[in-house]
Amino acid sequence: MNFQYWQPDIEKMPRAELETLQLQKLKEEVRFALRTSFYRSRFEAAGIKSPDDITSLNDLAKIPFTTKNDLRDGFPYGFLSIPKEAVVRLHASSGTTGIPTTIYFNRDDIKQWANYMARCMFGTGCTKSDVFQNMIGYGLFTGGLGMHQGGEEMGMLVIPAGAGNTNRQFKLMQDFGTTVVHATPSFLLHVETKMQEAGVKRESLSIKKAFAGAEPYSEDTRRRIESLLHVDVYNSYGLSEMNGPGVAFECQCKDGLHIWEDGYIAEIINPDTLEPVKDGEIGELVLTILCREATPIFRYRTRDLTAFYTEPCPCGRTHRRLRRITGRSDDMLIINGVNVFPSQIEEVLMGMKEVGNNYLIVVEKDGALDRLTVKTEIGPDIFMDDARPLNALKEKIKETIQASISISPRVELHEGGSLPISEGKAVRVQDTRPKDI
Ligand code: ADP
Ligand code: ZN
């Protein structure tokens, strides 16, 4: 394979040099953070009074974790480390799990972010002649502007299409010869369903690549999008606390996401003991940003579950790879005492070719017990009025899910394109059980 690198000297930097660079940038971030009262008091308690108290990367462990609640408590300006007149933009998390958190940028922070994003895109083989249609929400959400400015930095022609409205998306693709798209994986599947409905021929489109991220999805979903849309799908990971997209991205090998270690220090911990897991084991990703002055954040507990690859990547990049994020530690459902991750159900559904592109998991109380219902769309080759194949499919889904999670669900089948689709991140679970307080 012909690999291409946006910044070869940094992307292939020997580990020892990379770690020296990390240490230098970490000290710089400590200097920025000491301007905020939150970190000043945290650092003082940890015996860190100046950047010089950090002499090796091991000193990071002295700094306590930062949680989403810390960021919320600091709302709105508690984590801002520069005068307001030097701030040029703010972004906020999409608030999937509660009150949003706010991040500020100065001009240089934005430039650095665009550079990381360009590095990600170039690393998938994009060139300046690509036409990039960004089919994700603009605004406070970081996926829109984050990807947009990276595409421009790389020199692609960027179409700021925004989310939703598939007919308009098809028109833009056809008018301008779009070659690369960015969307959530659920929207990409929806695009395919709508293509069928609208009678848009694949041959009328020039798309070759899709960046898919902002929500968890399985390898089966990737394969499904690739085979339905005839594109290469690259996994894109980021979170607004760490700027947004551009934190970790797949290279042309499509096997694990390189985390840019000159911009972030990644740790993986056991969420219960808070100790680091053994190399290669799954745990919670903890991130420290090294590429932003206006809002320094140390050892942020992402709640995202992943593991480091232990082998180097054939592409030659020295920055470590993360496994596909399967979900957040707080995504886990406990159904009649059994732990279930929505991603386990997704894997079963998206692996069956008779199943359509959208699904919904419903958990409710049924007397003293919990009841799990899986609602899923059917594929274009099955018809709603044909009882025999429908019942056979229902049975098959039920048995395969039971084999995977040890719970037998109720299964409801719906016509393709009929289950609700959200414009932002997909809402996959409806849990109507009363919450214990
Ligand atoms: P919120 O935390 O409100 O959802 P963000 O927009 O910052 O706000 O979302 C970041 C989160 O989205 C990540 O922490 C992760 O849980 C999820 N996410 C982003 N990209 C991916 C991906 N490629 N795979 C799995 N999950 C992802
Ligand atoms: Zn690689």
Side-chain angles (χ1 to χ4, degrees), residues 1 3-6 8 11-12 67-69 71-72 91-103 119-120 122-125 136-147 163 182-186 188 210-219 221-222 225 233-261 264 284-287 289 297 300-306 309 311-332 341-343 346 422 424-428:
M1 206 180 284
F3 297 115
Q4 59 178 31
Y5 312 90
W6 185 244
E11 291 173 53
K12 293 190 279 182
T67 62
K68 196 144 196 141
N69 273 338
L71 297 180
R72 283 179 186 149
H91 274 287
S93 76
S94 45
T96 312
T97 56
I99 317 161
T101 50
T102 316
I103 302 297
R119 196 194 279 178
C120 297
F122 196 70
T124 67
I136 214 153
Y138 279 66
L140 288 178
F141 175 59
T142 54
L145 279 169
M147 283 273 181
H182 169 226
T184 57
S186 49
L188 289 171
F211 305 139
E215 61 188 26
Y217 60 112
S218 62
E219 199 56 46
T221 297
R222 183 225 297 266
I225 301 169
V233 172
Y234 294 90
N235 196 346
S236 155
Y237 170 77
L239 58 162
S240 55
E241 293 80 359
M242 296 288 130
N243 283 354
V247 176
F249 219 88
E250 282 180 333
C251 66
Q252 281 157 296
C253 300
K254 293 201 290 190
D255 185 14
L257 299 87
H258 287 283
I259 170 139
W260 301 126
E261 294 184 87
Y264 301 91
E284 176 182 342
L285 181 65
V286 171
L287 293 172
I289 190 160
I297 297 182
Y300 180 66
R301 291 192 56 183
T302 65
R303 294 179 284 183
D304 292 329
L305 300 173
T306 184
Y309 277 55
E311 296 295 309
C313 186
C315 76
R317 288 178 179 83
T318 49
H319 301 238
R320 280 178 296 176
R321 283 175 297 165
L322 298 175
R323 290 208 177 280
R324 171 185 289 290
I325 283 97
T326 46
R328 309 191 196 210
S329 50
D330 43 9
D331 274 349
M332 193 178 78
F341 278 98
S343 58
E346 189 209 80
S422 95
K425 296 173 189 245
V427 180
R428 295 304 195 187

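As the structure lists them, so they are numbered: ligands from 1, and atoms in each ligand from 1. This chain uses plain numbering: 1 for the first residue, then up along the sequence.
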Contact with ligand 1 for Lys425, non-hydrogen, under 4.0 angstrom:
yes
Ligand 1 contacted by Arg303 (non-hydrogen, < 4.0 Å)
no
Taking Gln4 for the side chain and Phe122 for the main chain, is one N or O donor matched with an acceptor at less than 3.5 Å?
yes
[X] neighbourhood, listing ligand 1 atoms whose heavy-atom distance to it stays under 4.0 Å:
X: Pro216; answer: 24 (N), 25 (C), 26 (N)
X: Ser236; answer: 20 (N), 21 (C), 22 (C), 23 (N)
X: Ile325; answer: 25 (C), 26 (N)
X: Gly238; answer: 10 (C), 13 (C), 19 (C), 20 (N)
X: Phe141; answer: 6 (O)
X: Ser240; answer: 7 (O)
X: Lys68; answer: 2 (O)
X: Arg328; answer: 1 (P), 2 (O), 4 (O), 11 (C), 12 (O), 16 (O)

Considering all heavy atoms of both residues, which atom of [X] and which atom of [Y] are nearest to each other, and what is their separation?
X: Pro216; Y: Glu346; result: O-OE2, 4.0 Å
X: Ala212; Y: Leu188; result: CB-CD1, 3.8 Å
X: Ala214; Y: Lys425; result: O-NZ, 2.8 Å

Could you tell me the separation between the CG atom of Asp255 and the CG atom of Asn235, rounded to the nearest 0.5 Å?
11.5 Å
Please classify the Thr142 to ligand 1 contact at 4.0 Å (heavy-atom distances, strictly less than): side chain, backbone, both or neither.
neither
SG (Cys313) to the Zn ion (ligand 2) to SG (Cys251), nearest 10°, is 110°
When the ring planes of His258 and Trp260 are compared, do they come out parallel, tilted or perpendicular, using 30° and 60° as the limits?
parallel
Under 2.8 Å from the Zn ion (ligand 2), is there any N, O or S atom belonging to His258?
yes
Taking it one step at a time, do Glu241 and Tyr300 satisfy side-chain hydrogen bond (donor to acceptor under 3.5 Å, both in side chains)?
CA-CA 8 Å; Glu241 293 80 359; Tyr300 180 66; 3.3 Å; yes
Could you tell me whether Arg323 sits above the aromatic face of Tyr309, with NZ or CZ closer than 6.0 angstrom to the six-membered ring centre and within 45 degrees of the axis?
yes
Does NZ or CZ of Arg222 lie under 6.0 Å from the centre of the six-membered ring of Tyr217, at an angle within 45° of the ring axis?
no
Ala214-ligand 1 polar pair, N/O distance under 3.5 Å
yes
Could you tell me whether some N/O pair between Tyr217 and ligand 1 is separated by less than 3.5 angstrom?
no
Does any non-hydrogen side-chain atom of Tyr237 lie less than 4.5 Å from one of Ile259?
no
For atom 13 (C) of ligand 1, the option (of Thr326, Asp304, Thr101) bearing the nearest heavy atom:
Asp304
